[in-house]
Amino acid sequence: MTESSTNPWKTVRQSVVKMLSDVFCVSQDVVALSIEKPPDSALGDLASTIAFSLAKERKNSPVAIVNELLPKLEAVAAEDPLIKEVKTKGPYVNIFLDHGKMAELTVGSVLKYAGTYGRSEEFKNQRALIESPAVNPSKPWHIGHARNAILGDTLCNILDWVGYDAVRLDYINDLGLQIAQLIWKLMQVEEDGDDTKYDHYLGHLYVQVQETFDNSESVQEEIREVSRKLEDLESPEAKLSAKMVTRCLKAQCETSYRLGIYHDYQVWESAIAHCGILEIAQKMMLESDNIIRLDEGEKAGCIVADLSVIDEFKDMKDPYKILFRSDGTRTYTGADVALQLWKFGIIDDPFKYSIFEKQPNDQTVMRTDLQGKKGNLGKFDIVMNVIGSRQAHPQKMVYTILDILGYSKESDNSHHIAYEFVGLENVDFSGRHGTWIGYTTDDVLDKATELARVEVEKRNPDENDAFKNNVANQVAIGAVRYFMLNASPDRQITFRWNEALDFNGDAAPYIQYSHARAQRIMEKAEGESVSNLDLTILSGDAEFELVKAIAQFPEELLEVARSLKKNVWGTSFTSNRITAYAYGLANLFSKFYDSCPVLKAEPDVRASRLALVSAFKMTIANCLIVLGIPVVNRM
RNA sequence: GGGCGCGUUGUCUAGUCUGGAUAGGGCGCCAGCCUUCGAAGUUGGAUGUCGCAGGUUCGAAUCCUGCCGCGCCCGCCA
């Protein structure tokens, strides 16, 4: 019996690498780099281009090198049960795996690990903090905010699956200009009596304020006054603001929960302003030679970071980045640096916490609260901020200043998970101008649910409403999440209804459907006892292609985690790699489904195919869970 | 002015970091497959100067240089 593995593909790969390394007398690292997937499975399951790199130093043609060693290669391969044969084609070494043994290893492993298949420990004992989506508590989420939230949530899932202790943080800016504008307005309008969702109500109110604001200097002055009063927590303005922000945030959370997105912590700007963290940070900064209070020039009185100590910025005309203004107040960069120091545990946790609310997943989300209890978030090894790529420069400033302060390791471990914005045809989303109206995340989910409901109705006319509504909801959520994740984050999206809500082809319902089909087969065979299960008879092409894909799931998640590397503009997160994997896996199951009858097959074949269906079902379900796409049994 | 990202078929896009075998998909279009585990499925077909021009290499969508188009960023703002 073949051993089981939490990562079957890695097991196979290592086996192949070792073989090639021995035969070609090259280190395993070098061989590993030469391994690739052949473009066509008729050319093998794995291939190596090692001969190309050896040609020069061995003064021989790649083809000759390969042919010379072929007999030895064949002899070694014969020893390994996982390898069926090795062939050469030109300079390529093509490796063909043993179908039966692969099936046994893979299916056996999945059935053994079940709900944890795909989890690995490469990044264990490390803590990751993910901040997302940080929407101002003054408006409903528009579809661009959903992109942030869905990317952040899925990133967190992936980090969790590869071994990190991953914590979800949201940042609530309850002291911004937008809040002051709304408070100014709210202090003069009647309390709303209608049942408009509160974040939507505020969003519309905010659009109204803009016109007044732009056309009246006296109004601008009044709002600035409100802004000042908000900093005094005992003022009526601040008290109204606390109420408004809480109510708005709860309304926004409803949207978040619809998408299956939950948080562990919220850090509020008002808490940052009053808990003492800024004073601590300022003192710490001034102890550094590179953070100084300027005495003269345009920026006299400001506390600034001297960027010229960093090579990249040494030629700047004005290398001083302001952290605290001449009136002593913080800039965004200043506060961000303080917060980043807190995230890494460099500043001891200065916050007090209270429960914001209990979420539908039964977990409570904690908020920073000046009236709360002392807490300790602890240290994090890596910090990821999911923010639009427009903020690449400000984010880079924060990380650079960490470096200047002497925390270069923490700077390296600070990641800006950058994504491009979602736009409409010819229009940007703007809170000010109300271009989000009609494109809120709630609107999109509602519309998606409505369309899904029509499709569910067509296929399940006899089911009850509860069933139809539930499935429509699951399909809608899946479609929206998949749409956001399947677009490479560094690509701008133009939101078009027919694309976002297309339920055919490369989309979530296809994947959910493949799971439902597998589920159906399993239901029909439920309770059957199997003796002498022989997985090695799963050797047909459709079966083998499915087995191979299942084997690669753990490695796919790891590859995404490993490729979270810093670039000039931010850290790339290839969420689309997992959606593509899920689609490919579902596609191979569809092909298997069409060409390999399960329930009608001969008893021994039937038993092994049932095991394969079960392994597929577990793998695709785990993959959907990572993507946050609902797993559907019937649709 | 400086910097960053994007440019692949009618259309949307994967692949680019780490060069390798006929550039994969989806939608749309054309022609098949439901008395057989659910057709939200599947099989086959047509459609490409990988923005342009050079260069490096045995080999370039991928690396280098220059250019073009689109978007974005460079405040004691927020």
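Any value given below was found using the heavy atoms of this structure, including those in side chains, with hydrogens, waters and symmetry copies removed. Letters A, B, ... mirror the listed sequences (proteins, then strands); counts begin at 1. The structure presented is a predicted model; accordingly, all values stated were derived computationally and were not measured.
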Is the phosphate of [N], meaning OP1 or OP2, less than 4.0 Å from a side-chain N or O of [X]?
| X | N | value |
| --- | --- | --- |
| A/Arg390 | B/rC4 | no |
| A/Lys591 | B/rG41 | no |
| A/Tyr593 | B/rA40 | no |
| A/Arg491 | B/rG7 | yes |
| A/Lys600 | B/rC37 | no |
| A/Arg325 | B/rA78 | yes |
| A/Asn576 | B/rG15 | yes |
| A/Arg517 | B/rG38 | no |

Which part of the nucleic acid, if any, lies within contact of [X], taking any heavy atom under 4.0 Å across all strands shown: a base, the sugar-phosphate backbone alone, or nothing?
| X | value |
| --- | --- |
| A/Thr494 | nothing |
| A/Asn173 | nothing |
| A/Tyr510 | sugar-phosphate |
| A/Ala55 | nothing |
| A/Leu177 | sugar-phosphate |
| A/Gln178 | nothing |

Any-strand Watson-Crick or G-U partner of [N], both distances under 3.5 Å:
| N | value |
| --- | --- |
| B/rC67 | B/rG51 |
| B/rA46 | none |
| B/rA23 | none |
| B/rA61 | none |
| B/rC72 | B/rG3 |

Interatomic distance where [atom1] belongs to [X] and [atom2] belongs to [N] [whole Å]:
| X | N | atom1 | atom2 | answer |
| --- | --- | --- | --- | --- |
| A/Glu455 | B/rG41 | CD | P | 10 Å |
| A/Asp428 | B/rG71 | CG | C1' | 9 Å |
| A/Tyr332 | B/rC74 | OH | C1' | 19 Å |
| A/Ile521 | B/rU36 | CD1 | P | 15 Å |
| A/Lys396 | B/rC4 | NZ | C1' | 10 Å |
| A/Ile493 | B/rU13 | CD1 | P | 9 Å |

Minimum-distance nucleotide (side-chain atoms of [X] versus [options]):
| X | options | answer |
| --- | --- | --- |
| A/Leu43 | B/rC4, B/rA40, B/rA21 | B/rA21 |
| A/Thr49 | B/rU42, B/rA21, B/rG20 | B/rG20 |
| A/Tyr513 | B/rU42, B/rA39, B/rC72 | B/rA39 |
| A/Arg634 | B/rG38, B/rC37, B/rA21 | B/rG38 |
| A/Asn504 | B/rC77, B/rC72, B/rG41 | B/rG41 |
| A/Val456 | B/rA40, B/rC37, B/rA21 | B/rA40 |
| A/Gln492 | B/rG20, B/rG71, B/rA40 | B/rG71 |
| A/Tyr92 | B/rG20, B/rC4, B/rC76 | B/rG20 |
| A/Asp490 | B/rG5, B/rA40, B/rC76 | B/rG5 |
| A/Thr331 | B/rC72, B/rC76, B/rC12 | B/rC76 |

Where the chi angle of B/rC34 falls, syn if within 90° of 0 and anti if not: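 Syn, angle within 90° of zero.
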
Minimum heavy-atom distance A/Phe495-A/Ala500, with the two atoms named: CE1-CB, 3.5 Å

A/Ala549 versus A/Leu585, closest heavy-atom pair with distance: CB-CD1, 3.7 Å

Side-chain donor-acceptor pair present, [X], [Y], cut-off under 3.5 Å:
| X | Y | answer |
| --- | --- | --- |
| A/Asn385 | A/Tyr171 | no |
| A/Arg481 | A/Thr154 | yes |
| A/Tyr593 | A/Ser514 | no |
| A/Asp306 | A/Ser308 | yes |
| A/Ser34 | A/Ser48 | yes |

A/Phe503 aromatic ring stacked with six-membered ring of B/rA40, 5.5 Å and 30°: no

Residue mapping more 5' on RNA chain B - nearest nucleotide basis, A/Ser326 or A/Pro597: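 Comparing both residues, the 5'-ward one is A/Pro597.
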
Earlier contact from the 5' end, RNA chain B, for A/Val471 and A/Arg496: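 Its nearest nucleotide lies further toward 5', so the answer is A/Arg496.
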
Plane angle bin for A/Phe429 and A/His142 - parallel if under 30°, tilted between 30 and 60°, otherwise perpendicular: parallel

Inter-nucleotide P distance (B/rA60, B/rA21), Å rounded: 11 Å

No-H, no-angle donor-acceptor pair, A/Asn94 side chain to B/rA21 base, under 3.5 Å: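 Under the 3.5 Å cut-off, the side chain and the base do form a donor-acceptor pair.
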
